[in-house]
Amino acid sequence: MEDRGFDLESRLDDLEDADLKRTLSPVDRVAERGYFAPPSGSELPVLDSTEALVFASNNYLGLTDDQRVENAARQAAATVGTGAGASRLVTGDTMVHRDLERQLAETKGAERALAFSSGYAANVGTITALEPDVIFSDEYNHASIIDGCRLADAETVVYDHCDAADLRSKLEERADRDDASEESWLLVTDSVFSMDGTVAPLEAICDAAEAHGAWVMVDEAHATGLYANGGGVVQAEGLADRVHIQLGTLSKALASQGGYVAGSEDLIECLVNDARSFVFSTGLAPPAAAAASEALHIARHSDVRERLWENVAHLRDGLESMGLEVLGDSQILPVIVGDRTDALALAEGVRERDVVAPAIRPPTVPEGTSRIRVAPMATHDRDDIVACLEAFRATGDELGLL
Ligand SMILES: Cc1ncc(COP(=O)(O)O)c(C=O)c1O
């Protein structure tokens, strides 16, 4: 009989041959240090005997093992339940969700917020629910934005990364078309870009959008909790009134799981009705909502953000003083190596020195720009930062990269 199945073995071999096969390496806990297990496939993982310093996590504020956050999750599990049990529209809407959404709306200077089960679901659900005719999208936007554009079946115009001039010229070009006046336009960008550490020029983007009446949507996944009063770049730049849709994840600085959208009452009501990833998905688990609420409270009302930014400055200075090129202007420190083999060797070398910081290679980043993505946390102490820098210096010297 004819085989109509899928040749998975050869797909995996192709990935292996191209050096693109991904593997899972479990760690004993999510924190600034931990014991990792080598990839073991379906076998039970065996944790390494040495503890590694983690400079690879998006747990930027180090709140995943904060007692207050743990207690909030525990209490929500005990009083509300471990899972939402149904879509929010059925019986899965709880006071814990409402408390989180109220706090998110307040932080984001928005009328209302809505929690999704992930940032991915928030992006895909929001873009598809809006049904834009044309989307203007930064070339380095996150995969969940790209998938949202595809699923919305909108015409997507991609502009050069963080380039407001290119955006303006693409808006003007489109506006010159005869049928353009009938179209709805959505302009979408990450605020902090995960692989480059760059920050989008949001004010110039809002100017460009306003000149054409387009709506602006900003994905603050890597910024939420880290900037002014625990908000994102939108708050740091005072743009809440000019950004129609503020979106993000609860899974990075907010030490939990889930996503959110903040905006007008009408926007949120539309999403409650039309965002399929909200309507047809079980509500966010109450312990995740409660953990995110508590983490956001800590981000807003403590010095935890300052500790992160001090670590970022120390680490950036140290890496640059070795002669390494560090991109961006955020908490993400991408160290440019260039050649993919050198990047892999550098990541391996620092790993042998018990520092975890991954090599990022093509196709994730453009050819010739392979890098190590270094992400400090607020909970790293001075010794941890020094140990990370020493691992880079020793490995860089050994490989002749410094
Ligand atoms: C910019 C951006 N948007 C959205 C997401 C998706 O968020 P989540 O992990 O909550 O699905 C991520 C990361 O995972 C991201 O980096």
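First listed ligand is number 1; within each ligand, the first listed atom is number 1.
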Check: At a 4.0 angstrom heavy-atom cut-off, what protein residues surround ligand 1?
Finding: Ser118, Gly119, Tyr120, Asn123, His142, Ser144, Asp190, Asp219, Ala221, His222, Thr249, Ser251, Lys252, Gly258

Note to self: Rounded at 0.5 Å granularity, tell me how far CG in Asp65 sits from CD in Glu70.
What the structure shows: 6.5 Å

Next item on the list: Determine yes or no for a side-chain-to-main-chain donor-acceptor pair under 3.5 angstrom, with Ser330 supplying the side chain and Gly197 the backbone.
Entry: yes

Next item on the list: Check whether any side-chain N or O of Asn311 sits under 3.5 Å from a backbone N or O of Leu308 as a donor-acceptor pair, and report yes or no.
Entry: no

Check: Who pairs with Arg300 by side chain to side chain donor-acceptor pair (under 3.5 Å), at least two apart in sequence or on another chain?
Finding: Glu106, Thr107

Check: What orientation do Trp215 and His244 show, parallel under 30°, tilted 30 to 60°, or perpendicular over 60°?
Finding: parallel

Margin query: Go through it in stages, so that I can follow the logic: the residues are Tyr120 and His142, the test is ring pair (Phe, Tyr, Trp, His ring centres under 6.0 Å), and I'd like the CA-CA distance, side-chain angles, deciding distance and then a yes or no.
Written below: CA-CA 9 Å; Tyr120 189 100; His142 187 257; 7.2 Å; no

